[in-house]
Amino acid sequence: MKYPEYKAVNYAEVANEILEFWEKEDIFRKSIDEREGSPTFTFYEGPPSANGTPGIHHVMARTIKDIFCRYKTLKGFQVNRKGGWDTHGLPVELQVEKELGITKEDIGKKISVAEYNQKCREAVMRFTGLWSDMTDKMGYWVDMDAPYITYKNEYIESLWNLLKRLYDKGLLYKGYTIQPYSPAAGTGLSSHELNQPGTYRDVKDTSMTAQFKVQKDEKSQFLFDQAGDDEVYILAWTTTPWTLPSNAALTVGAGIHYSLVKTFNPYTHLPVNVVLASDRIGAYFNEKGKDGDFEAYPTSDKKILPWTVLGTFKGSELTGIHYDQLLPYVQPEEGDAFRVISGDFVTTEDGTGVVHTAPTFGADDFRVAQQNGVPAILVKDENGKDMPLVDRKGRFVKEVADFALEYVKAEYYTDEEIAAETEKQGRDKYLSVDERISIKLKEENRAFNVQKYEHNYPHCWRTDKPVLYYPLDSWFIKTTAVKDRLAELNKTINWKPESTGTGRFGNWLENLVDWNLSRSRYWGTPLPIWRNDEGEEICIGSVEELSQEIEKSIAAGFMTENYLKGGDYESFDLHRPYVDDVILVSESGKKLFREPDLIDVWFDSGAMPYAQWHMPFENKEIFDKAYPADFISEGVDQTRGWFFTLHAIAGMLYDSVAFKNVVSTGLVLDKNGNKMSKRLGNAVDPFETLKNYGADPTRWYMITNAQPWDNLRFDLAGVTEVRNKFFGTLTNTYNFFALYANLDGYNFTGNPDLSKCTELDKWVLSKLQTLIKEVDAAYEDYEPTKAGRAIQEFVTDQLSNWYVRLGRRRFWKGEISDDKKAAYETLGLCLKTVSQLMSPIAPFYADWLYKNLTGDAEKVSVHLSDMPVAKEEWINADLQTSMDYAQRISSMIHALRKANKLKVRQPLSKVLVPVLSKETRQLISSVDELIKTEVNIKSVEYLDDDSGVLSKKVKPNFKTLGPKYGKNMKDVAAAINGMSKEDLKSLETSGKIQLAVGEIELGDVEIQTEDLPGYLTAQDGNLTVALDITITEELKNEGIARDFVNKIQNYRKDSGFEVTDKINIQLQNNNEELAKAIEVNKDYICQEVQALSLEVIDSLSDAAELEMDEFVLVVKIRTA
RNA sequence: GGGCCUGUAGCUCAGGUGGUUAGAGCGUUACACUGAUAAUGUAAAGGUCCCUGGUUCGAGUCCAGGCAGGCCCA
């Protein structure tokens, strides 16, 4: 075969060609089918939502996913990857509402729920075409022919099955959660609504600091001991005094310091002992009153409170202390209320550092109470259901006797009502509930401070009235019941990076609260629960089951027809509104109505391992082989989203992890580190980028520039760099190989005969084996960045810039020979191996390279090949060290030449290399031919100790000295630096020496050689070279000859000769020195420039003039 | 406010278990080289390793506290 040669390679075109080839040959399918019967490697696709267009960050995320799936395929696994679409959720609803110009209010009025949902169904799949296009163009392999779609009846049925199983385990229950609620509008508000402009306003409310009376027991005894009194109060501050009747606990910060302060109540002037955060004393007490006169206070003007600190302690010492209920209207039926607990949200920025905790009216309060087993203060409504002390209209319930049926916020009254209330209070001005609670507590010696407080508070965007944080009904999954098990299972997951697993995810699991499933919306999976006010309920787990229940309901006369019956899954819809019309019958024969909620869309995605296969109704065998996942990857922002929901469902229902390895990826930012957004116009268009740069350079850049979990600053200049530097070099190297292999008609076999190989061949093959090991380990460890960087370094530094550059003469000199074959075998094998190693990251280019190299001889695609396995016996550590020396010595000689204006074409006679050991000498001499060629030096000579001309320098080796001498390091270092020649000699012969500071061994020092007088010397670490720059006449002539060759070669090329053309040269004799140099080196010159004749003649017409240093060449070249 | 991540040259990034002189690529400048040529080599300039304390003979590296940016959650 001929190796295709390329003039200029366009990587985007390469991608197009290969994509066409993949599609024609169905390579993706084959890569899976050919591994039939092999162990499976399971990947779960986190479903994207197709209601938006894909961005460049999706290319990043999908590259990561693709890399490991391709890698595992190369390693012999069968890797199925089913695509999917996430179709439910608020973003879809909002988009549809925007397009239709409606709000949630209008649903059911201007537009029916059925029509609305139909719009959502259309909108959500709108951009699937764009997504498929991007998937193809970026080279991401995922099965898009049979994706799972979360709105399908089959998918929803699987979800219902999971929910039913949770329900049967008692893990699905109805409770409440604290949400922003507008009593005036009678509705809860979403965070989206709360983020409308103008909702947060500065308002003045009555704030108060209340005194909670500590009960005396073992736990609190120390307070009473310090106070020397029977009354101790804890101070807590609130901006909503109306929540005080609902107080159930006081929350402190475990690490915050608190003080016990003796003082007087400013309203009753009675002596009191109060507890508050030490940092807050300044906010409550005047410095003038510190350790003031307690005796004089009752008779003074009482303007300044005397106070004194009696003791200080941490919040953790207060937890568990009980106190008397402040406003004892209602007591909880069970549970341990009215005690001090600790919470992480407590600060000392305002208030007293003690938070009054009303579980029914604050989200933090609710959470901390639940975590500590503190009950909420509830009453029964007329139906016997639990309700808080404030009703849904915002009024106190009748049990709060002093304020029964009064609105807790004055804003909820109309002006007329205010007037009526004022009259009822018998005052000339209306006093709010907050104000009258303050007065009441002042009178009871329970208020320590009351004042107006201005703060920022949210208001309902529709009614303009303040919102309440209020408990609303919700369905929950009791994840807290399996919290410990989830944490345990998490420890078996391999997280990349580890900190996301232990930190972000681990902490989240530790502070887990029950999963709030309810969403009051329209487009989503309906909650399959029907219930009535008597508390009878039924949870449906399948279409079949629902159908049977409907039949019962028809029999009971509640329904007339069964919309599920007889049809296949295409003929009905499990969404609202149809499912809402279903009325079931309870065991006692009463009507059951569906709970109107939809479930959190995160449940949709977390259930995909089961629902994508319509489990448990179908595909059980497939599922068993594909569970749990070996690998998933998504953005780190999914930690509490998809990663959690997968984990939670798997833990609760299968007592298993859902995934064994997970890579959480960072963000893709613009080149300045700003978030990309379409609005700001700094978003990078993935299609443009793929078109202009090609998928492979784009992918390669993304992977090698930053670790997947670090944020990536995406800069197109970086893609250009990767394209030129890495892909350009690799393509050049391939072209070089193809050019000469074709000229010689040689096809490499991939099995070089080491006995025929040069040191350089063996070296690069040794490096190649090391590379295979390194890259394989990196992929195995989910470290694609390390893999890519290692490949890149090998290609540019080792293979191209050293192996090819030093060895290129072998490729174009002479006829085909064993040596030439060895060179072709070596280079060919390196290129082919590189194509395999890089194929997970750059799938198009790698396949292109592989196919160019192998033709039809092997697998038709690199992606069907097997990952190369390193040949340990080819790894030669000595050779690698030798070559390292060669590179460093060459580099130093280049530097010396440069500094002394001695160009490389001028040969020099010798370089001296001092060597301190036989081993070093051996290592260098094995490669000194290479050094000589590379830097154009006639000989390398070695200077060892016996030569007597070496002067040596000794330096301390801190690493070994450290543990021995520790504190005395400075003295020891000084002593070593001050060693005499004789000292060093005796250290070298006996292996140790006794200095004033102690005994030093040979390993404790580093010995280096110093400059050699009379030579140009250079040093790099432990290596020194000394260059002899004497230029003899012979050397000078040779230098001229080489310059001449160079000029002729350029001229040949400029004149358009082919590489293979033979020529005849005529040179005018215009300089004796030049003529002589040419004459002496005639054979050499002819061979280099492929000249059959070279004549130096006295006169020449029609000749070209070429500048060459101090000479002018008048020369004529003709094809022979 | 909490959890997690990041901070090293103009830019993008390396820098096992602490070891004294902190590296690479790109970019800039200069000079070379030129059957790989949209390449290549050599060199120069460029650093408060975010800050402050601490541990240590020795800290970019370990500890504590900050600062800045990001993500998630309140």
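Lettering of chains follows the sequences in order, A, B, ..., and the numbering in each one begins at 1. As a basis for the values below, the full set of heavy atoms in this structure was taken, side chains included, without hydrogen atoms, waters or symmetry mates.
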Counting heavy atoms from C-beta on, name the nucleotide in [options] closest to the side chain of [X].
| X | options | answer |
| --- | --- | --- |
| A:K725 | B:C26, B:A36, B:C13 | B:C26 |
| A:S499 | B:A14, B:C5, B:C71 | B:C5 |
| A:N507 | B:C4, B:U6, B:A74 | B:C4 |
| A:R504 | B:C71, B:C13, B:U40 | B:C71 |
| A:R713 | B:C26, B:U12, B:A36 | B:U12 |
| A:N705 | B:U12, B:U40, B:A36 | B:U12 |
| A:Q707 | B:A14, B:A74, B:A36 | B:A14 |
| A:A706 | B:C26, B:C13, B:A36 | B:C13 |
| A:V804 | B:C5, B:A36, B:A74 | B:A36 |
| A:R805 | B:G41, B:G70, B:C5 | B:G41 |

Checking side-chain contact (heavy atoms from CB on, under 4.5 Å) for the pair A:D514/A:Q370: CA distance, chi angles, key distance, verdict? CA-CA 10 Å; A:D514 285 346; A:Q370 203 186 40; 4.3 Å; yes
Can you measure [X] atom [atom1] to [N] atom [atom2] for me and round it to whole angstrom units?
| X | N | atom1 | atom2 | value |
| --- | --- | --- | --- | --- |
| A:K786 | B:C13 | NZ | P | 16 Å |
| A:W709 | B:C71 | CH2 | C1' | 17 Å |
| A:D797 | B:U40 | CG | P | 10 Å |
| A:M702 | B:C13 | CE | C1' | 17 Å |
| A:L509 | B:C4 | CG | C1' | 14 Å |
| A:E634 | B:C72 | CD | C1' | 16 Å |
| A:E510 | B:C4 | CD | P | 11 Å |
| A:L831 | B:A36 | CG | P | 15 Å |

Under 3.5 Å, is there any donor-acceptor pair linking the side chain of A:S800 to the base of B:A36?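 Answer yes: a donor N or O sits under 3.5 Å from an acceptor.
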Phosphate-side-chain proximity, A:N801 and B:G41, N/O vs OP1/OP2 below 4.0 Å: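 A:N801 to B:G41 OP1/OP2: side-chain N or O found under 4.0 Å.
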Distance check, [atom1] atoms only: [N] and [M], in whole angstrom units.
| N | M | atom1 | result |
| --- | --- | --- | --- |
| B:U28 | B:C72 | C1' | 41 Å |
| B:U21 | B:G60 | P | 10 Å |
| B:A9 | B:C5 | C1' | 24 Å |
| B:U40 | B:A36 | P | 13 Å |
| B:C33 | B:G16 | P | 40 Å |
| B:G7 | B:G15 | P | 10 Å |
| B:G27 | B:G2 | P | 44 Å |

May I ask you to say what [X] touches in the nucleic acid, namely base, sugar-phosphate or nothing, with a heavy-atom cut-off under 4.0 Å?
| X | result |
| --- | --- |
| A:D364 | sugar-phosphate |
| A:E5 | nothing |
| A:N1046 | sugar-phosphate |
| A:N735 | nothing |

Given A:F643, which partner from the list A:W508, A:F505, A:W495, A:W602 fulfils the ring pair (Phe, Tyr, Trp, His ring centres under 6.0 Å) test?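 So the option named by the test is A:W495.
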Please check if any side-chain donor atom of A:N936 sits under 3.5 Å from a side-chain acceptor atom of A:R1042, or the reverse.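 Note: A:N936 and A:R1042 side chains meet the donor-acceptor criterion.
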Go through the side-chain N and O atoms of A:W515 and A:D600 and say whether any donor and acceptor fall under 3.5 Å apart.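 A:W515 vs A:D600: donor-acceptor pair found between side chains.
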A:K932 atom NZ: more than 12 heavy-atom contacts under 6.0 Å: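 Result for NZ/A:K932: enclosed.
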Taking NZ in A:K483 as the centre, count heavy atoms belonging to other residues, nucleotides or ligands within less than 6.0 Å. Is the count above 12?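 Correct, the count exceeds 12.
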Can you check whether A:H57 and A:F714 have ring centres sitting under 6.0 Å from each other?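 They do not qualify: ring centres at least 6.0 Å apart.
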With a 6.0 Å cut-off on ring centres, are A:W700 and A:Y11 close enough?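 No, ring centres 6.0 Å or more apart.
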Pair partner, [N] [Watson-Crick or wobble, under 3.5 Å]:
| N | answer |
| --- | --- |
| B:C4 | B:G70 |
| B:C26 | B:G10 |
| B:U17 | none |
| B:C62 | B:G54 |

In terms of the nearest nucleotide of RNA chain B, which residue is placed more toward the 5' end: A:L712 or A:R367?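 First, find each residue's nearest nucleotide; the 5'-ward one identifies A:L712.
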Identify, between A:P497 and A:T785, the residue whose nearest nucleotide on RNA chain B lies closer to the 5' end.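 Comparing both residues, the 5'-ward one is A:P497.
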